[in-house]
Amino acid sequence: DGGGTFSPARLLKSYGGLVAIGVLALVLLVWAPDSLSAFRLGNLGKYCAWAIAAIGIGLAWGRGGMLVMGQGVYFGLGGYAMAMHMKLEAAGPGNVPDFMTLYGDGTMPSWWEPFRSGPFTLFAVVALPAFVSFVLGYGILKRRVKGAYFAILTQALAVAFATLLVATIKQTGGFNGLNTFTTFYGQNLYDPEVKKRIYLIAAGVVIACLVIVWQIYRSRFGELLVATRDAEERVRFLGYDPANVKLVAYVLAAVMAGIGGAVFVPIAGIISPSNVDAAASILLLAGVALGGRASLFGPALGAIAVGFGQSALSERFPTQWTYFQGALFIVVILLLPGGLASIGSKLKALRPTRTATPTAADEAPADAVAVA
């Protein structure tokens with residue numbers, strides 16, 4: 001094709017991801033609310049919350065090469081920030097959450113008070129994961145910690161965070177977490193229409209995060225992030241600091257995890273240490289690996305698939321479903337290291353390659369060609 005000619009193939013290559021995001025938006029925002037029951041729609045909303053965090057993991061791990069095993073921390077920061085606001089909203093002006101009276105003397109810590117404000121809570125959902133991830137990421141990445149050591153440090157962070165939550169029962173509800181919510185920004189959580197609107201918020205955030213990541217992957221920063229993953233020393237030789245490049249991706253992943261946690265709380269009706277510990281973080285990673293960590297849709301679809309599989313298998317096989325899930329991960333890792341997103345390329349590689357049809361000149365004897 002000429003440089004200025006219209007090419008459908010080139011257009012599809014450039015904007016095919018955006019078209020696919022549009023198709024997914026129709027499924028999540030139009031088909032699902034009209035076709036699924038309230039229970040199934042609520043489950044899908046929880047899967048969407050996990051998918052938001054998984055999209056960030058795909059950015060940090062799939063494109064940045066950082067095995068982030070502590071995203072449950074940022075999921076929990078966003079989730080607990082939203083849960084604190086909802087508990088204070090349920091308690092009413094001037095009152096304290098019910099568990100503080102049950103476990104303590106009924107006094108509320110001063111750092112709870114700002115979360116009475118809805119706008120402040122939305123700010124905290126983004127700002128807390130961003131601040132914590134920046135401080136930790138700066139300290140770790142600037143010291144050139146990477147690989148297994150980076151993964152161990154982030155996982156240790158998740159364990160420490162969950163342990164802290166369990167130990168502070170008077171301030172955070174301890175092992176039971178925060179639950180028994182009644183309203184969400186003034187809306188009755190028992191109203192089916194309110195639940196549907198909250199689901200639409202979760203699905204809309206998934207689409208928005210996919211669009212953001214799609215644009216990042218097409219940008220110069222996205223190319224630099226992949227270059228940092230594959231050839232860090234060369235990037236440093238070209239005058240860029242790989243730590244800064246990774247830090248941006250790490251903070252973005254943390255913010256997405258925090259938003260996912262905030263969306264999860266009104267849908268699930270609870271946030272507890274079991275939702276943010278090392279096991280929860282690994283489950284998020286498993287979904288990203290299953291879908292395909294380096295692809296655009298793989299992390300989100302993998303997280304949704306893991307959530308759906310967990311629910312479906314636990315309903316049919318209450319005691320054995322974890323074995324089925326573990327076997328699925330083993331099969332995928334052994335046969336599809338690139339996740340389910342790599343099935344297309346695997347099938348394409350199996351196709352027999354076409355050989356060019358020889359021309360008359362190719363079939364002519366060598367002496368005839370020489371005479372010609």
Side-chain angles (χ1 to χ4, degrees), residues 21 24-55 75-92 97-99 115-122 124-126 173 176-210 256-272 274-276 280 283-284 287 300-301 303-315:
I21 292 174
L24 182 62
L26 289 175
V27 173
L28 293 179
L29 298 175
V30 178
W31 176 82
D34 292 337
S35 304
L36 300 180
S37 65
F39 175 73
R40 297 299 177 188
L41 194 65
N43 280 346
L44 182 57
K46 289 192 294 185
Y47 310 154
C48 286
W50 293 332
I52 296 168
I55 293 170
F75 190 89
L77 287 174
Y80 270 87
M82 182 58 68
M84 289 164 64
H85 171 72
M86 294 174 67
K87 289 296 289 184
L88 290 171
E89 190 177 52
D98 49 7
F99 74 91
F115 290 93
R116 290 190 188 273
S117 168
F120 175 83
T121 301
L122 294 178
V125 164
V126 175
N176 294 323
L178 302 179
N179 48 53
T180 62
F181 310 115
T182 57
T183 59
F184 176 70
Y185 280 79
Q187 302 293 312
N188 183 7
L189 278 177
Y190 297 101
D191 186 346
E193 288 300 319
V194 172
K195 291 183 177 180
K196 182 180 288 189
R197 285 197 289 270
I198 295 174
Y199 161 77
L200 290 174
I201 292 173
V205 174
V206 170
I207 300 302
C209 288
L210 284 173
M256 289 184 185
I259 295 173
V263 171
F264 175 83
V265 170
I267 296 175
I270 186 174
I271 185 75
S272 69
S274 63
N275 301 124
V276 305
L283 191 63
L284 285 173
L301 296 180
I304 293 175
V306 166
F308 175 78
Q310 183 176 353
S311 299
L313 291 173
S314 61
E315 289 175 5

Chemist: Tabulate below the donor-acceptor pairs under 3.5 Å that side-chain atoms of residues 44-55 make, not counting sequence neighbours, or state none.
Modeler:
{"unit_1": "Y47", "atom_1": "OH", "unit_2": "G307", "atom_2": "O", "d": "3.3"}
{"unit_1": "Y47", "atom_1": "OH", "unit_2": "S311", "atom_2": "OG", "d": "2.6"}

Chemist: Kindly give the heavy-atom pair with the smallest separation between L29 and A203, and that separation in Å.
Modeler: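 Heavy atoms only, the tightest pair is CD2-CB, 3.6 Å.
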
Chemist: Using the side chain to side chain contact (heavy atoms under 4.5 Å, CB included) rule, take N179 and F99 through it: C-alpha gap first, then chi angles, then the decisive distance, then the call.
Modeler: CA-CA 10 Å; N179 48 53; F99 74 91; over 6 Å; no

Chemist: Check M84 against F115 and note the closest heavy-atom contact, atom names and distance.
Modeler: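 Scanning both residues, the minimum pair turns out to be CE-CD1, 3.3 Å.
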
Chemist: Could you tell me whether a side-chain N or O of Y80 sits under 3.5 Å from a main-chain N or O of G261, the two making a donor and an acceptor?
Modeler: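 Not at all, since once roles are kept as given, no pair shorter than 3.5 Å links the two residues.
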
Chemist: Is any side-chain heavy atom of I271 closer than 4.5 Å to one of M82?
Modeler: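 Result no, sub-4.5 Å side-chain heavy-atom pair not found.
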
Chemist: If every non-hydrogen atom of G78 is compared with every non-hydrogen atom of V125, which pair is closest and at what distance?
Modeler: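 So the two residues come closest at O-CG2, 3.9 Å.
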
Chemist: Rounded to the nearest 0.5 Å, what separation is found between the OG1 atom of T182 and the CG atom of N188?
Modeler: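 So the OG1 of T182 and the CG of N188 are separated by 7.5 Å.
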
Chemist: Verify, without hydrogens or angle tests, whether Y185 (side chain) and G118 (backbone) share a donor-acceptor contact under 3.5 angstrom.
Modeler: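 Yes: the side chain of Y185 pairs with the backbone of G118.
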
Chemist: Could you pull out the closest heavy-atom pair between T180 and K87, with the gap in Å?
Modeler: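 That closest heavy-atom pairing would be OG1-NZ, 3.1 Å.
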
Chemist: Just to verify, what does R197 make a side-chain contact (heavy atoms from CB on, under 4.5 Å) with, not counting sequence neighbours?
Modeler: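 Result, side-chain contact (heavy atoms from CB on, under 4.5 Å) vs R197: Q187, E193, V194.
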
Chemist: Does K195 reach the main-chain N or O of Y190 with its side chain, forming a donor-acceptor pair under 3.5 Å?
Modeler: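 Here the side-chain-to-backbone pair does not exist.
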
Chemist: Residues in ring pair (Phe, Tyr, Trp, His ring centres under 6.0 Å) with F308, at least two apart?
Modeler: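 Listed in chain order: nothing, the list is empty.
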
